[in-house]
K.L.:
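Sharing a structure here in structure tokens format.
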Amino acid sequence: MSEEVSLFDQRLEKLAKLRELGADPYAIERFEQSGTAAEILDAFQENKDVKFAGRLVSFRLMGKAAFGHLSDGDDKIQAYFKADDLGELGWEVVKLLDIGDHVGVEGYLFVTKTGERSIHVRTLAPLSKALHALPLGKEKDGERWYSLSDTEVRYRHRHLDLIANPEARAMLLNRMRIVAAVRRFMDRRGYLEVETPLLQLEAGGAAARPFITHYNAYDIEVKLRISLELYLKRIICGDVPKVYEIGRVFRNEGVSNRHNPEFTLLEFYEAYANLEDMMALVEEMFRSVAQDVFGSTKVVTDGVEIDFGPAWPRVDLLSSICEKAGVSEDAFGSLDSLKSALGGGVVVNPVNGKEINLAKEHNLGGLIEKLLEVFVEETLIQPTFIVGYPIETSPLAKKDPNRPGFTRRFEGYVRGREVCNAFSEINDPLDQRERFADQLAQREAGDDEAHVMDEDFLFALESGMPPTGGCGIGIDRMAMMLTGADSLREIMLFPMMRPD
RNA sequence: GAGUCGGUAGCUCAGUCGGUAGAGCAACGCCCUUUUAAGGCGUGGGUCCUGGGUUCGAGUCCCAGCCGACUCACCA
């Protein structure tokens with residue numbers, strides 16, 4: 001018999017004994033408390049009666065007395081169990097406790113010899129039994145021993161991570177607070193939160209391959225959404241002028257540090273607004289969320305201070321490439337002129353070693369974005385807007401009337417990474433139909449991530465959409481940036497894992 | 001998809017040149033009524049990721065595979 005089974009069996013026996021003693025942990029439904037651990041310690045008064053419940057995270061049995069810490073997840077209080085004060089039955093229960101059990105205690109506050117504010121327990125009630133040994137390390141003065149560090153176990157059994165690793169816990173909880181702060185911000189600004197279909201006949205609004213599933217009732221193939229965009233704009237067409245959605249989207253791609261097949265996207269659209277309005281809103285949102293969650297507009301991650309206080313510089317995309325890649329502005333006339341200006345063959349950025357194989361670049365806009373990626377992106381540490389994206393890679397963004405081949409689109413960058421993508425939306429249905437047609441052509445040329453024609457969306461546009469500004473923000477990446485997480489998986493509760 | 005590193009007790013890890021599988025913590029038993037990485041004495045606990053191979057003998061060497069981390073690629 002393996003150790004795990006016998007350990008489990010030992011715990012089951014303890015559970016049975018507790019039940020015999022009339023202390024069935026699973027029989028109790030509620031336990032009223034005087035407050036959280038922090039609240040109780042804040043309002044500490046010697047001899048004051050308190051009730052508190054939490055998980056037993058440490059336990060020291062010494063003959064006829066015992067000490068243990070009860071954690072409410074965030075903070076903990078030491079409990080002192082003394083045989084004389086608990087009675088025979090109570091003491092029997094104490095001896096059956098294990099680290100990991102939830103326990104409710106009632107008693108009075110006191111200070112131990114060593115100065116720790118504690119609860120002198122008069123009565124206790126087991127509220128759950130930990131049937132598995134929990135990987136709770138020992139701790140002193142902030143140092144910890146023997147905790148849980150195996151990333152695989154941490155991700156697969158996230159509850160253990162939340163119990164055992166305070167840093168991981170703080171990061172994940174901050175992510176939730178960031179989402180809540182974003183929602184508050186949008187609500188305050190008068191945006192209405194909406195919900196649009198996850199199951200769609202054609203997944204549009206982004207360049208990505210969808211997940212495909214089957215709907216039994218209609219016996220049809222449906223796809224999981226890859227973005228929120230097209231349905232949200234259909235709501236704008238219905239004259240609901242300010243809408244947003246925070247929702248899960250699904251892209252059938254690989255897993256990495258910065259990618260998960262399902263992730264959380266925020267998109268918002270505002271009628272009668274344009275990309276400048278979106279920039280102002282993004283600036284304010286980051287400022288507000290940083291202030292809300294971290295109490296400051298300045299966030300330090302990896303020793304780098306990012307300040308969301310000031311306005312973000314607006315930098316023209318082509319100028320940024322000219323500066324960082326050393327290409328002159330007049331080289332951007334055509335794909336061929338740009339290629340020859342780059343010298344042909346393979347272009348290498350000596351700073352980071354990233355390269356572009358020019359032979360694989362078949363359109364001007366695609367190459368321009370590639371240059372941005374290889375030469376510019378990682379230099380954008382402080383919040384920056386890059387403005388003016390090529391039309392080929394922006395099939396939903398309004399054309400810039402003053403610059404043929406470019407659109408009224410921008411992206412925001414922080415810590416060298418893209419954090420948002422926004423534009424003045426196309427509201428000319430004829431233009432949009434042409435763009436879809438171009439995408440369709442690319443699709444037929446073998447690009448299986450190009451957009452498909454969406455007639456229902458076009459019908460809505462044809463019914464009239466006011467000029468509209470729209471923006472998309474990857475919430476997970478935003479959380480990474482704000483918390484300093486170096487992997488997307490650290491700020492998602494349950495990242496995708498291969499079945500073990 | 002490629003490369004690198006890793007997978008040994010519940011947890012964190014060690015394991016030399018190929019020679020019967022180790023430590024701390026956790027668990028179990030005994031002692032201990034203000035401890036806090038409590039302490040003392042004692043005990044039990046292993047699919048060494050899986051499957052092949054080499055060898056008298058494999059945790060260790062070789063091959064294939066699985067899972068993970070990291071880097072790159074893919075990917076907004």
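In what follows, chains are A, B, ... by sequence order, proteins preceding strands, each numbered from 1. As the structure is a computational prediction, the values presented were derived from the model and not from experiment.
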K.L.:
Between Ile473(A) and Val182(A), is a side chain to side chain contact (heavy atoms under 4.5 Å, CB included) present by the stated rule, with each step listed?
P.N.:
CA-CA 11 Å; Ile473(A) 297 181; Val182(A) 166; over 6 Å; no
K.L.:
Between Arg60(A) and A38(B), is there a contact of a side-chain N or O with OP1 or OP2 at under 4.0 Å?
P.N.:
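Indeed, a polar side-chain atom of Arg60(A) lies that close.
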K.L.:
For C11(B), does OP1 or OP2 lie under 4.0 Å from any side-chain N or O of Lys138(A)?
P.N.:
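For C11(B), OP1/OP2 do not have a side-chain N/O of Lys138(A) under 4.0 Å.
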K.L.:
Is there a donor N/O on one and an acceptor N/O on the other, under 3.5 Å, for the side chain of Glu116(A) and the base of U35(B)?
P.N.:
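For Glu116(A), whose side chain was compared with the base of U35(B), there is no donor-acceptor pair (under 3.5 Å).
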K.L.:
Expressed as a whole number of Å, how far does the P atom of G44(B) sit from that of U8(B)?
P.N.:
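Their P atoms lie roughly 24 Å apart.
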K.L.:
When rounded to the nearest Å, what value does the distance between C1' atoms of A69(B) and C49(B) take?
P.N.:
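Rounded to whole Å, the distance is 15 Å.
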K.L.:
Return no unless some side-chain N or O of Lys95(A) is found under 4.0 Å from OP1 or OP2 of C32(B).
P.N.:
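Lys95(A) to C32(B) OP1/OP2: no side-chain N or O under 4.0 Å.
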K.L.:
Does Arg489(A) place a side-chain N or O at less than 4.0 Å from the phosphate oxygens OP1/OP2 of A69(B)?
P.N.:
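Yes, Arg489(A) has a side-chain N/O under 4.0 Å of OP1/OP2 on A69(B).
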K.L.:
Could you work out which one of U33(B), A73(B), C67(B) sits closest to the side chain of Ser256(A)?
P.N.:
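The listed nucleotide nearest to Ser256(A)'s side chain is A73(B).
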K.L.:
In terms of heavy-atom contacts, does CD of Glu167(A) have more than 12 from other residues, nucleotides or ligands at under 6.0 Å?
P.N.:
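More than 12 heavy atoms, drawn from other residues, nucleotides or ligands, come within 6.0 Å of this atom.
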K.L.:
Considering only atom C1', compute the distance from G15(B) to G6(B) and round it to an integer number of Å.
P.N.:
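My reading of the C1' atoms in G15(B) and G6(B) gives 16 Å.
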K.L.:
Would you classify Thr112(A) as touching base, sugar-phosphate or nothing, given that sugar-phosphate means primed atoms plus P, OP1 and OP2, and contacts are heavy atoms under 4.0 Å?
P.N.:
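Since a base atom lies under 4.0 Å of Thr112(A), the category is base.
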K.L.:
Of all the choices, A69(B), U35(B), C11(B), which nucleotide is nearest to the side chain of Thr151(A) once you look at every atom?
P.N.:
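Selected nucleotide (nearest to the side chain): A69(B).
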K.L.:
Taking the side chain as every heavy atom from C-beta outward, state whether Leu275(A) and Ser424(A) have any atom pair closer than 4.5 Å.
P.N.:
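They are in side-chain contact.
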K.L.:
Would you indicate which nucleotide in A69(B), U33(B), U35(B) comes nearest to any side-chain atom of Tyr155(A)?
P.N.:
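The answer is A69(B).
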K.L.:
Give the ring-plane orientation class for Trp312(A) versus Phe308(A), where under 30° counts as parallel, over 60° as perpendicular and anything between as tilted.
P.N.:
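Taking Phe308(A) first and then Trp312(A), their aromatic rings sit tilted (interplane angle of 30° to 60°).
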K.L.:
Here's a test of your reading of the structure: between Glu377(A) and Glu139(A), which maps to the more 5' nucleotide of RNA chain B?
P.N.:
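Per heavy-atom nearest nucleotide, the more 5' residue is Glu139(A).
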K.L.:
Could you tell me whether the phosphate oxygens of C66(B), OP1 or OP2, come under 4.0 Å of any side-chain nitrogen or oxygen in Arg498(A)?
P.N.:
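No, because none of the side-chain N or O atoms of Arg498(A) sits under 4.0 Å from OP1 or OP2 of C66(B).
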K.L.:
Side chain of Lys64(A): nearest nucleotide among U35(B), C74(B), U33(B)?
P.N.:
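Of all the options, the side chain of Lys64(A) is nearest to U33(B).
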